[in-house]
Amino acid sequence: MSVDTSINAAATITDADIFDAHIGGKLTVQSTMPLTSKRELSIAYTPGVAQVSRAIAADPAMHATHTWASRLVVVVSDGTAVLGLGDIGAAASLPVMEGKSALFKEFGGLDSIPLVLNTTNVDEIIETLVRLRPSFGAVNLEDISAPRCFELEERLIEALDCPVMHDDQHGTAVVVLAALINAAKVAGKTFGQMRVVVSGAGAAGIAVAEILINAGVGDVVLVDSKGTIHRDRDDLNSIKAKYAALTNKDGIIGGIREALDGADAVVGVSSSKFAEADLAQMNDDAIIFALSNPDPEVMPEVARKYAAVVATGRSDFPNQINNVLAFPGIFRGALDAGARRITPEMKIAAAHAIAALAEDKLSSDYIVPSPLDPRVMPAVAAAVGKAAQDQ
């Protein structure tokens, strides 16, 4: 699969192009062995395959070396938070999950299959994946609504002896951290002294806050639909309450306007818009990441009036924050290292690896490499693998 993320390519795409390309789906299964003779059939299937099955029964470790399971990522969704479409159900989410599996193959060299489930019950999803565990080597959770996604990921990590990651949370967070590391260099800001506002406290917003705290950012202020998250609010769910105790050191009360006053950076991961007057209150040489798609919280031409560095989630503007920079290499590195979990240290290592690839050409319009840069996956995988081994 070749990928062209340029705006010119996108401009030529018609509805007919899209629907015709999806007829029959985007995935297929291809044998790694020729099956053109009786001998080949006897090796690949009966009677030869019985010897391999008997050997695995006697030595379960051979399951990892003589099946595809240890290199197979299952992309799991219940269809409750699909792209910008919301809760559209499992069947409608399948084209997206097929696409994610294709990205795993193209950018990570990993086999992947989509698994969409007709249930939103956390217990049932966990039970399903526990029962299917012999069939795969890692779980990529995708497009599952908050706050259920937090509980689901946490419990799956404990229930399964393999890497599990909700990409909407951590893939986004890793690339944001990578971009912020380099944006701070361009803007002349010290990481440990920065105050970063995160607009949106759903799956991505919470994960961004978590990784920034772990990476040493001075302070993070989360803002949800009701305002800043602080210790005195009595309407917070358990996840937001946890981060109320870890963020907003100055106890800022109000909305996005109050949060942005004197802030060094803002990361938008919700549909809320940034008013120009509010951005004007940020510190000099501000950093603005407006990541909502397809409509950013503020358009780059406006953001640049107040910011030294601007990023979006779109491919037609500089500095695209794209999850494909992170998740293929993270899973590849974790599987290569035989890691049971994807840890915070592995995610931070991935972010630094991505950031390092842009250092040679660092500028206000280039803070992360292109998603098509062939150096990205090997660099991320190596960094994640080393972090796994160090732990």
Side-chain angles (χ1 to χ4, degrees), residues 56 59-76 100 103-112 129 133-141 153-167 169-182 191 207-208 210-217 323-360 368-369 371 373-391:
I56 293 173
D59 180 8
M62 289 185 64
H63 172 260
T65 57
H66 286 70
T67 74
W68 76 337
S70 65
R71 309 293 294 169
L72 181 70
V73 180
V74 61
V75 177
V76 179
K100 193 62 174 277
L103 294 176
F104 267 112
K105 187 64 174 180
E106 180 70 18
F107 292 102
L110 294 171
D111 289 313
S112 176
L129 292 175
R133 172 63 183 94
S135 298
F136 55 78
V139 176
N140 180 98
L141 298 173
E153 184 190 46
E154 182 178 350
R155 290 177 58 189
L156 273 176
I157 288 170
E158 294 301 322
L160 298 174
D161 59 341
C162 68
V164 176
M165 189 176 85
H166 185 200
D167 185 50
Q169 293 183 59
H170 306 294
T172 301
V174 166
V175 184
V176 166
L177 175 57
L180 193 63
I181 288 168
N182 281 341
F191 223 59
V208 168
E210 177 186 44
I211 202 169
L212 294 183
I213 293 167
N214 289 337
V217 165
N323 286 21
V324 79
L325 286 166
F327 71 83
I330 291 174
F331 276 93
R332 178 66 178 267
L335 289 172
D336 284 351
R340 182 191 179 278
R341 296 185 176 185
I342 296 171
T343 64
E345 292 80 6
M346 292 159 72
K347 296 167 196 169
I348 290 173
H352 281 282
I354 294 167
L357 293 176
E359 287 180 345
D360 58 338
V368 288
D373 189 328
R375 302 175 300 163
V376 173
M377 189 282 288
V380 172
V384 168
K386 184 178 185 304
Q389 292 169 357
D390 289 346
Q391 291 177 264

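Other residues, nucleotides and ligands place more than 12 heavy atoms under 6.0 Å from the CD atom of Gln391.
Rounding to the nearest 0.5 Å gives a distance of 10.5 Å between CG of Asp373 and CZ of Phe107. Taken to the nearest 0.5 Å, the OG1 atom of Thr172 stands 11.0 Å off from the CG atom of Leu325. Residue Glu153 holds its CD atom at 6.5 Å from CG of Leu141, rounded to the nearest 0.5 Å. Here the CD1 atom belonging to Ile181 is positioned 9.0 Å from the CD atom belonging to Glu359, to the nearest 0.5 angstrom. Of the inter-residue distances, the one linking Met165 atom CE with Phe327 atom CZ reads 8.0 Å to the nearest 0.5 angstrom.
The backbone N or O of Leu72 sits nowhere less than 3.5 Å from a side-chain atom of Asp111 that would complete a donor-acceptor pair. In terms of modelled atom types and a separation under 3.5 Å, the side chain of His66 and the main chain of Ile56 share no donor-acceptor contact.
Heavy atoms only, all atoms of each residue included: Ala349 and Ala387 are closest at CB-CB, 4.0 Å. In plain terms, the two heavy atoms of Pro163 and Ala334 that are nearest each other are CG-CB, 4.0 Å. Minimum interatomic distance between Ala207 and Gln169 (heavy atoms only, all atoms of both residues): CB-O, 3.2 Å. The two residues Ala69 and Pro134 come nearest to each other via the heavy atoms CB-O, 3.6 Å. Closest of all the heavy-atom pairs between Val174 and Ala351 is O-CB, 3.4 Å. Here the shortest heavy-atom pairing between Val380 and Gly329 reads CG1-C, 3.6 Å.
The shortest distance between side-chain heavy atoms of Phe331 and Ile342 falls below 4.5 Å. With contacts defined as side-chain heavy-atom distances shorter than 4.5 Å, the pair Ile330/His170 does not qualify. Looking only at side-chain heavy atoms (C-beta outward), Ser112 and Lys100 stay at 4.5 Å or farther from each other. Pro369 places a side-chain heavy atom less than 4.5 Å from the side chain of Ile354. Taking 4.5 Å as the limit, every side-chain heavy atom of Val176 sits out of range of all side-chain heavy atoms of Ile211. Under the 4.5 Å side-chain criterion, counting only non-hydrogen atoms from C-beta, Leu335 is in contact with Val73.
Sorted by first and then second residue, the salt bridge (Lys or Arg N to Asp or Glu O under 4.0 Å) pairs involving residues 326-346 (not counting sequence neighbours) are Arg71-Asp336, Glu158-Arg341, Arg332-Asp336.
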request  = Begin with the C-alpha distance, continue with both residues' side-chain angles, and end with the deciding distance and a verdict on side chain to side chain contact (heavy atoms under 4.5 Å, CB included) for Asn214 and Ile348.
outcome  = CA-CA 8 Å; Asn214 289 337; Ile348 290 173; 3.8 Å; yes
